Each structure stands twice: as structure tokens, then as C-alpha cells.
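Below is one structure, written out as C-alpha cells; comments come after it.
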Amino acid sequence: MNPLPPLLDSYGRTFDYARIAVTEKCNLRCTYCMPEEGVDFQGKEKILQSDETLRIIGILGRMGIKKIRFTGGEPLVRKDIVELVSGAAATPGVKAVHLTTNGILFDRYAQSLLDAGLTGVNISLDTLDAEKFVRITRREGLDKVSQNIKLALDLGFPRVKINIVLMRGFNEGELKNFTELTRDHRLTVRFIEFMPFDSHQIWEEGGHFASADSLVKQIETLYPDIQPAPGTRTEHHIFQAPGHQGKIAVIPAFTRSLCGNCSRIRVTADGNIRNCLYSDKEYGLRELIRTGGSDDEIVAVFRKAFAEKEKDGFEAKKTSSAQKVSVEDIVRVSMTQIGG
Ligand code: SAM
Ligand code: SF4
């Protein structure tokens, strides 16, 4: 298929990274993400099927997207996840295919995912304490997730990362236990700022937010000789302690100091483009695909979405709140619906 001109926004930024959510469902119930009863999950017919998702990825590959990340919800609850990964890996233009998972089901698919071309896996794990694991996820599973992180390393996945949402009054005291994992393992531990996408559960209580700057200070105190290291565009602060095999990153997801570098696209599980995590504006692809829309028409929706992308997440948030008329208009309250 012919390459197409790259996706460009009005600030001259081009986009090379797509985060594709493949389900809203999940086998955990993290308190910073979903309530115990789940969120208002959409019917199966509203969720894109693998051939529809792969068609979108094919078009994105022609527009210069080089990296695909499958996420959700929990992407490993999709029984066709290996097919999605191998389809994405075989797409012209796509150089890297990654997955963000809670790790519970990882051993079931790990070897097949590697064989299918998965180049990186981010496993979310917020605590190394079994009792706290149950408190935060409302399910058992610390041993399973820990074993599966080890499995990812043993199988030789090129990139293995641990995502930790760092929250005051919950896991801030575990920062050192996590950073010490980088001493003997070639993985990156990534501390992510808590964001207000928790279905109105604990964000509003206040007091749980720990800023990226405060986390960086704590890391510098723990390792005074720490050195800056190369990382991805969202790994705004990334370091390596002397003699450690792995890296330590801090992601300012809420303070948004990385927006200027944004190179990402999001597609929700129900087939909507989101040009920014903090924007409510959506550009639908599902009906277009299901009513025989051409590739050119799909490309046009992506171009419109990116031409309308705001400069940063603060501007996007302002415009989004201004558009709302009532609380019912806030359609996505959890990262599981937006695609984390
Ligand atoms: N279920 C998978 C997992 O947990 O890795 C993939 C989806 S999850 C929504 C993607 C990432 O978003 C996870 O690393 C999770 O910790 C993070 N996340 C979810 N809710 C968040 C919030 N309110 N603030 C910050 N990060 C959040
Ligand atoms: Fe599920 Fe991931 Fe949300 Fe936790 S963060 S409830 S694992 S989607």
C-alpha cells in the first residue's frame, strides 16, 4: 500500500505512536481506575473487531505511525490478542508493537506474543505487598504478577517496564523497593502521576497526588550519583543509578510538562479517535468502517482529529469542560474507557 503524507497538527507536530484500546473490560478493579461494579461497559457489538482494528493500524502505518501499543481495559482478556499483535507487527511501517497489561494472564500468552512480534511489555504493579495489592486491585494476584514480570525478562522481551501509579498514603513508601528492582534486572520502573480518571472514587478525597517533581527529588536523594538516561518521549525524567542494569522513570501524566512533545494518537475500544487524553472530543471511526467507508474517508477523520488537536492538555481540558452542558455528557470517567 502507498505511503501517505504524515499526520500533522496545527502546531507542526507529527505523530508516530498509536495507543489502541482493545477492550473496556478488566479482571481487576484498581481503585484509581474502576469501581467494584465496573463502569458502564459497552455491548460487544460496539467494540471494534480485530479485522477492523487491523484495518485502522494498516492506515496508520501508511501515515507514519511506527509504534503501536495495545491497551484497554485489560488487553489480555481479548482471546484474539495474539492475532492482533501479529497483524500489527506485520503491518508495513510498524516497527514496534507493545502491550500494557496488569500481568495476571500474561503467562497464558507470553511465548505466543513474543513469537507474534511483541517487542515490549509494560506490566502495571503498584505495590510489592500482598495485602496492599488486594486493597488497590480488589483482587488477589501479587504472586502471579511478580512471576509474570520475571517470565517477561526470562523470555527476553526487548523492553520490559513496570508501571506504578504513585499515591500518597498508599505506596509512596515503596518507592525504594521498586527502584531497587533496577539493580539486578534490565527493566524500567516508571512512576506515573495519579490522574483524575478514577470514576470519581478517590481523586476527590484529595491528598493522594504525588507530583513528578517530588518523586524526582526522592529518587535523587536515594541515589545521589544517579545519571540521566535515554528514554521515550513520555519518560520526561529518566535515570539510571550507577551499576544498575535497569532504569527509573517518572511520568508527569497530570502536571503535563511533556505535552509539547506529544507524538501519540489514541483509539478507544469502541472505535473513536481521541487526540488528547484530556480532551473529551471524539472522532468516530466505527460507523464509517461498518458502512463501507473508504480508506480515504478514514484518513480524513484522522486528519481532522489532529488538525483540531490543542497545544497541550491544559488547553484541551479547558475546551472540553466548556463544551459540557451536564454531568451526563461526561462519557468516559475511567482510564479503562479512554484506553490507558
Ligand atoms: N489493564 C492494563 C493495565 O492496568 O496495565 C492496561 C490499561 S490501564 C488503564 C493502563 C495504565 O493506566 C496502567 O498502568 C494504570 O496503572 C494506568 N492508570 C489507570 N488509571 C489511572 C489513573 N487514574 N491515574 C494514573 N494512571 C492510571
Ligand atoms: Fe484494570 Fe488496568 Fe484499570 Fe487496573 S488499571 S482496573 S488493571 S484497566
Side-chain angles (χ1 to χ4, degrees), residues 19-39 41 68-78 81 84 98-106 109 113 118 120-127 132-142 144-145 148-149 152 160-168 170-172 178 187-206 208-212 215 232 234-235 249-256 258 264 266-269 274 277-278 313 332-340:
R19 294 175 78 99
I20 313 261
V22 292
T23 179
E24 297 181 344
K25 298 212 166 121
C26 187
N27 46 356
L28 297 183
R29 288 288 183 273
C30 304
T31 55
Y32 53 74
C33 182
M34 264 210 265
E36 172 69 59
E37 65 278 14
V39 288
F41 297 120
I68 300 291
R69 175 176 299 281
F70 289 115
T71 180
E74 173 47 42
L76 297 183
V77 304
R78 276 279 297 245
I81 187 70
L84 281 162
H98 291 203
L99 178 80
T100 300
T101 169
N102 61 34
I104 296 278
L105 298 173
F106 184 68
Y109 299 107
L113 289 169
L118 191 73
V121 54
N122 287 21
I123 299 187
S124 303
L125 176 62
D126 304 301
T127 176
K132 277 162 84 179
F133 185 93
V134 176
R135 237 195 303 149
I136 198 82
T137 67
R138 303 186 176 105
R139 301 285 186 273
E140 299 284 342
L142 175 64
K144 188 60 145 176
V145 178
N148 282 342
I149 292 171
V160 180
K161 301 188 180 185
I162 305 184
N163 282 359
I164 305 136
V165 179
L166 226 271
M167 287 178 292
R168 287 234 154 91
F170 176 68
N171 57 357
E172 208 178 14
F178 277 112
L187 47 70
T188 303
V189 296
R190 295 159 33 106
F191 298 106
I192 302 173
E193 281 179 345
F194 178 32
M195 295 182 282
F197 300 114
D198 68 330
S199 304
H200 313 300
Q201 294 184 91
I202 50 175
W203 176 270
E204 279 142 25
E205 284 170 17
H208 298 295
F209 177 74
S211 73
L215 300 175
T232 65
T234 54
E235 289 161 356
V250 177
I251 318 292
F254 183 68
T255 48
R256 284 164 264 181
L258 46 77
R264 61 179 53 187
R266 282 171 200 274
V267 180
T268 63
R274 284 211 148 202
L277 182 57
Y278 285 91
R332 298 181 196 265
V333 292
S334 158
M335 286 292 280
T336 198
Q337 298 164 309
I338 303 169

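Source: prediction; values computed, not measured. Heavy atoms only: backbone and side chains are in, while hydrogens, waters and symmetry mates are out. In listed order, ligands and their atoms are each counted from 1.
- The aromatic rings of F194 and H208 sit perpendicular to each other, their planes meeting at more than 60°, with 30° as the lower class boundary.
- Residue S334 comes nearest to V39 through the heavy atom pair CB-CG1, 3.9 Å, listed as atom of the first residue, atom of the second, then distance.
- A donor-acceptor pair is defined here as one N or O able to donate and one able to accept, closer than 3.5 Å; such a pair exists between the side chain of K132 and the backbone of F170.
- Side-chain atoms of R29 come within 3.5 Å of backbone atoms of C26 as a donor-acceptor pair (strictly under, hydrogens ignored).
- Set against the non-hydrogen atoms of F197, the atoms of ligand 1 under 4.0 Å away are 23 (N).
- Residue contact annotation: A253 has no non-hydrogen atom under 4.0 Å from ligand 1.
- Between the side chain of E24 and the backbone N or O of A269, no donor-acceptor pair lies under 3.5 Å.
- Of the possible polar contacts, none joining the R69 side chain to the R19 backbone as a donor-acceptor pair under 3.5 Å is found.
- Note: an N/O pair closer than 3.5 Å links N163 and ligand 1 by distance alone.
- For ligand 1, the polar-atom distance check against T100 finds no nitrogen or oxygen pair separated by under 3.5 Å.
- For a threshold of 3.5 Å applied to N or O pairs, the pair formed by S124 and ligand 1 contains at least one separation below that value.
- For atom 3 (Fe) of ligand 2, the nearest protein heavy atom (residue, atom name, distance) is C33 SG, 2.4 Å.
- Formation of a donor-acceptor pair under 3.5 Å by the T101 side chain with backbone atoms of G103 is found in this model.
- The ligand atoms of ligand 1 that sit less than 4.0 angstrom from a heavy atom of T71 are 6 (C), 7 (C).
- In terms of N/O distances under 3.5 Å, ligand 1 is approached by M195.
- Looking at N122 against ligand 1, nothing comes within 4.0 Å, counting heavy atoms.
- Side-chain atoms of N102 never come within 3.5 Å of backbone atoms of S124 as a donor-acceptor pair (strictly under, hydrogens ignored).
- The residue among S199, G73, C26 with a heavy atom at the shortest distance from atom 7 (C) of ligand 1 is G73.
- In the vicinity of T101, heavy-atom distances shorter than 4.0 Å reach the ligand 1 atoms 2 (C), 3 (C), 5 (O).
- Of the protein's heavy atoms, C30 SG, 2.3 Å lies nearest to atom 4 (Fe) of ligand 2.
- With hydrogens and angles ignored, the 3.5 Å screen pairs a side-chain donor or acceptor of D198 with a backbone N or O of W203.
- The main-chain N or O of A212 is found under 3.5 Å from a side-chain atom of E193 such that the two form a donor-acceptor pair.
- Those atoms of ligand 1 that come under 4.0 Å of a heavy atom in C33, given as number and element, are 20 (N).
- Distances from atom 2 (C) of ligand 1 to the heavy atoms of M167, R19, E74 put E74 nearest.
- Interface atoms of ligand 1 facing N102, defined by a heavy-atom separation under 4.0 Å, are 2 (C), 3 (C), 5 (O).
- Within ligand 1, the atoms closer than 4.0 Å to a non-hydrogen atom of E193 are 25 (C), numbered from 1 in the order shown.
- A distance-only check finds a donor-acceptor pair linking the side chain of Q201 to the backbone of M34 [under 3.5 Å].
- In this structure, atom 2 (Fe) of ligand 2 lies nearest to the protein heavy atom C26 SG, 4.4 Å.
- Atoms of ligand 1 found under 4.0 Å from any heavy atom of G72, numbered from 1 in the order shown, are 7 (C), 9 (C).
- If you look at V165 next to ligand 1, the close heavy atoms, those under 4.0 Å, all belong to the side chain.
- Not a single donor-acceptor pair under 3.5 Å links the side chain of D126 to the backbone N or O of L166.
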